Novice: 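What follows is a structure written as structure tokens; I'll ask about it next.
Nothing fancy with the numbering, it's 1 onward along the sequence. Computed from a prediction, not measured in an experiment: that's the story for all the values here.
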Amino acid sequence: MKVILLGPPGAGKGTQAARVADELGVTRAASGDLFRENLRNETELGLLAKSYMDKGALVPDDVTIRLVMSWISAPEQDGGFVLDGFPRTLPQAEALDGALGPDGGLDRVLYVNVPEDELVRRLAGRFICRNCQTPYHQITSPPKTEGKCDECDGELYQRDDDKAEVVMNRLKVYFDETEPLVGHYRSSGVLREIDGEGTVEAVGDLLVEALQ
């Protein structure tokens, strides 16, 4: 099966993509993973992407699509794949549709839907240890002593990306750019919408059920 996992920041796509891939017996990748791998290996596409990034410019959709299609066309993906969080925009989705072709299109697009207030709660509550990088969450996994790491007694801090005002902006960008994908895939009949408010296990069960 060829599957895409969609959802806003904080929806738990990475964790769930791993479960879906295991269930199907296929490999998975996020676009960020593919960028880092190509940059690390200094491939032609990696160096092309780096030329834009070094100038502070967005990597064009056609370069991103070529990176993704290079991975999809590898022998390891002959049995299918799971893409985590890609495409991000409607033009990327349309380009991916064209690249896959009418006979090799997507089987499922799984959309993990989580209300905005819950996303803010999840994202803005995250802290990390300055010393050992152990992650914490003020509600779901708080430290034993406020502001101190359980593992090394290091100071906990909040990354800029996890501050409430930044979180709100990240979500706005997502809903502006990525939400139209939901309508695109719904109209093509491959979208399955999943309630992402439950436990990790419960949401995973719903995703597996939606693959049937």
Novice: For the pair Lys13 (side chain) and Gly7 (backbone), establish whether a donor and an acceptor sit closer than 3.5 Å, ignoring hydrogens and angles.
Specialist: yes
Novice: Whether Lys50 engages the ring of Tyr52 as a cation-pi pair (distance to the six-membered ring centre under 6.0 angstrom, angle to the ring normal within 45°) should be assessed.
Specialist: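 No, cation not above the ring by the 6.0 Å, 45° rule.
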Novice: Do Leu156 and Tyr136 touch side chain to side chain, with heavy atoms closer than 4.5 Å?
Specialist: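 Side chain of Leu156 against side chain of Tyr136, heavy atoms only: contact under 4.5 Å found.
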Novice: As a quick check of understanding, evaluate side-chain contact (heavy atoms from CB on, under 4.5 Å) for Gln133 and Cys129, giving each step before the final call.
Specialist: CA-CA 5 Å; Gln133 307 303 304; Cys129 175; 5.9 Å; no
Novice: For the atom pair CG (Leu206) and CZ (Arg192), what is the distance rounded to the nearest 0.5 Å?
Specialist: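 The CZ atom of Arg192 is 13.5 Å from CG of Leu206, to the nearest 0.5 Å.
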Novice: Give, for atom CD of Glu177 and atom NZ of Lys172, the distance between the pair rounded to the nearest 0.5 Å.
Specialist: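 Here the rounded value is 9.5 Å.
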Novice: So does Arg40 pair up with Glu37, basic N to acidic O under 4.0 Å?
Specialist: no
Novice: Which pair of heavy atoms, one from Arg108 and one from Ala210, lies closest together, and at what distance?
Specialist: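 The pair with the smallest heavy-atom distance is NE-O, 3.0 Å.
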Novice: Ignoring hydrogens and geometry, is there a side-chain-to-backbone donor-acceptor pair from Thr178 to Phe175 under 3.5 Å?
Specialist: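 Pair absent, no side-chain N/O of Thr178 close to backbone of Phe175.
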Novice: Can Thr27 and Val82 be said to form a side-chain contact (heavy atoms from CB on, under 4.5 Å), step by step?
Specialist: CA-CA 6 Å; Thr27 51; Val82 174; over 6 Å; no
Novice: Between Ala17 and Leu5, which heavy-atom pair has the shortest distance, and what is it?
Specialist: N-CD2, 3.4 Å
Novice: Rounded at 0.5 Å granularity, tell me how far CZ in Arg170 sits from CG in Asp161.
Specialist: 5.5 Å
Novice: Show your reasoning for whether side-chain contact (heavy atoms from CB on, under 4.5 Å) applies to Trp71 and Gln77.
Specialist: CA-CA 8 Å; Trp71 178 77; Gln77 279 66 259; 3.5 Å; yes
Novice: Would you say the side chains of Thr64 and Gln92 form a donor-acceptor pair under 3.5 Å?
Specialist: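 No, because no side-chain N or O of Thr64 sits under 3.5 Å from a partner of the opposite role on Gln92.
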Novice: Under the criterion side-chain contact (heavy atoms from CB on, under 4.5 Å), I'd like the reasoning laid out for Val114 against Arg122: C-alpha separation, chi angles, the key distance, then a yes or no.
Specialist: CA-CA 10 Å; Val114 181; Arg122 292 181 185 183; 4.1 Å; yes
Novice: Taking all non-hydrogen atoms of both residues into account, name the closest pair between Ile65 and Ala99 and its distance.
Specialist: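 Answer, listing the atom of Ile65 first, then Ala99: CG2-CB, 4.5 Å.
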Novice: Between Asp117 and Arg121, does any NZ, NE, NH1 or NH2 come within less than 4.0 Å of an OD or OE carboxylate oxygen?
Specialist: no
Novice: Under 3.5 Å, is there a donor-acceptor pair between the side chain of Asp150 and the main chain of Lys144?
Specialist: yes
Novice: Would a 4.5 Å heavy-atom cut-off, applied to side chains only, mark Asp97 and His184 as touching?
Specialist: yes
Novice: Looking at every heavy atom in both Leu119 and Ala11, which two are closest together, and how far apart are they?
Specialist: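 Taking Leu119 first and Ala11 second, the nearest heavy atoms are CD2-N, 4.0 Å.
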Novice: Measuring from Leu110:CG to Ile4:CD1, what's the distance to the nearest 0.5 Å?
Specialist: 9.5 Å
Novice: Would you compute the distance between atom CZ of Arg130 and atom CD1 of Ile128 and round it to the nearest 0.5 angstrom?
Specialist: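 Between atom CZ of Arg130 and atom CD1 of Ile128 there are 10.5 Å.
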Novice: What I'd like to find out is whether the side chain of Cys149 reaches to under 4.5 Å of the side chain of Pro143, using heavy atoms alone.
Specialist: no
Novice: Answer yes or no: is there a side-chain heavy-atom contact under 4.5 Å between Glu193 and Arg186?
Specialist: yes
Novice: Would you call Phe127 and Gln138 a side-chain contact if the rule is heavy atoms closer than 4.5 Å?
Specialist: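 Yes; the side chains approach each other to less than 4.5 Å.
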Novice: Are Leu100 and Met69 packed together at the side-chain level, in the sense that at least one heavy-atom pair is separated by less than 4.5 angstrom?
Specialist: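 They are in side-chain contact.
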Novice: Just by modelled atom types, is the Ser70 backbone N or O under 3.5 Å from a matching donor or acceptor in the Ser73 side chain?
Specialist: yes
Novice: Could you pull out the closest heavy-atom pair between Leu39 and Gly46, with the gap in Å?
Specialist: CD2-O, 3.2 Å
Novice: Would you say the side chain of Asp195 lies within less than 4.5 Å of the side chain of Asn113, judging by non-hydrogen atoms?
Specialist: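 Side chain of Asn113 against side chain of Asp195, heavy atoms only: no contact under 4.5 Å found.
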Novice: Give me the atom names and distance for the closest heavy-atom approach of Leu67 to Leu34.
Specialist: O-CD1, 4.3 Å
Novice: Under a 4.5 Å cut-off applied to non-hydrogen side-chain atoms, are Tyr111 and Tyr185 in contact?
Specialist: no
Novice: Would you compute the distance between atom CG of Leu211 and atom CG of Asp107 and round it to the nearest 0.5 angstrom?
Specialist: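 Atom-to-atom, Leu211:CG and Asp107:CG are 9.5 Å apart.
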Novice: Determine, for Arg126 against Asp162, whether the closest basic-nitrogen to carboxylate-oxygen distance falls under 4.0 angstrom.
Specialist: yes
Novice: Is a side-chain donor or acceptor of Thr145 paired with a backbone partner of Lys148 at a separation under 3.5 angstrom?
Specialist: no
Novice: Return yes when atom CE of Met168 has more than 12 non-hydrogen atoms of other residues, nucleotides or ligands closer than 6.0 Å, and no otherwise.
Specialist: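 Atom CE in Met168 is not packed in, count stays at 12 or less.
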Novice: Has the side chain of Gln16 got a donor or acceptor atom that lies under 3.5 Å from a matching backbone atom of Val200?
Specialist: yes
Novice: If a pair satisfies side-chain hydrogen bond (donor to acceptor under 3.5 Å, both in side chains) and one of its residues is in residues 200-212, list it, with sequence neighbours excluded.
Specialist: Arg19-Asp205
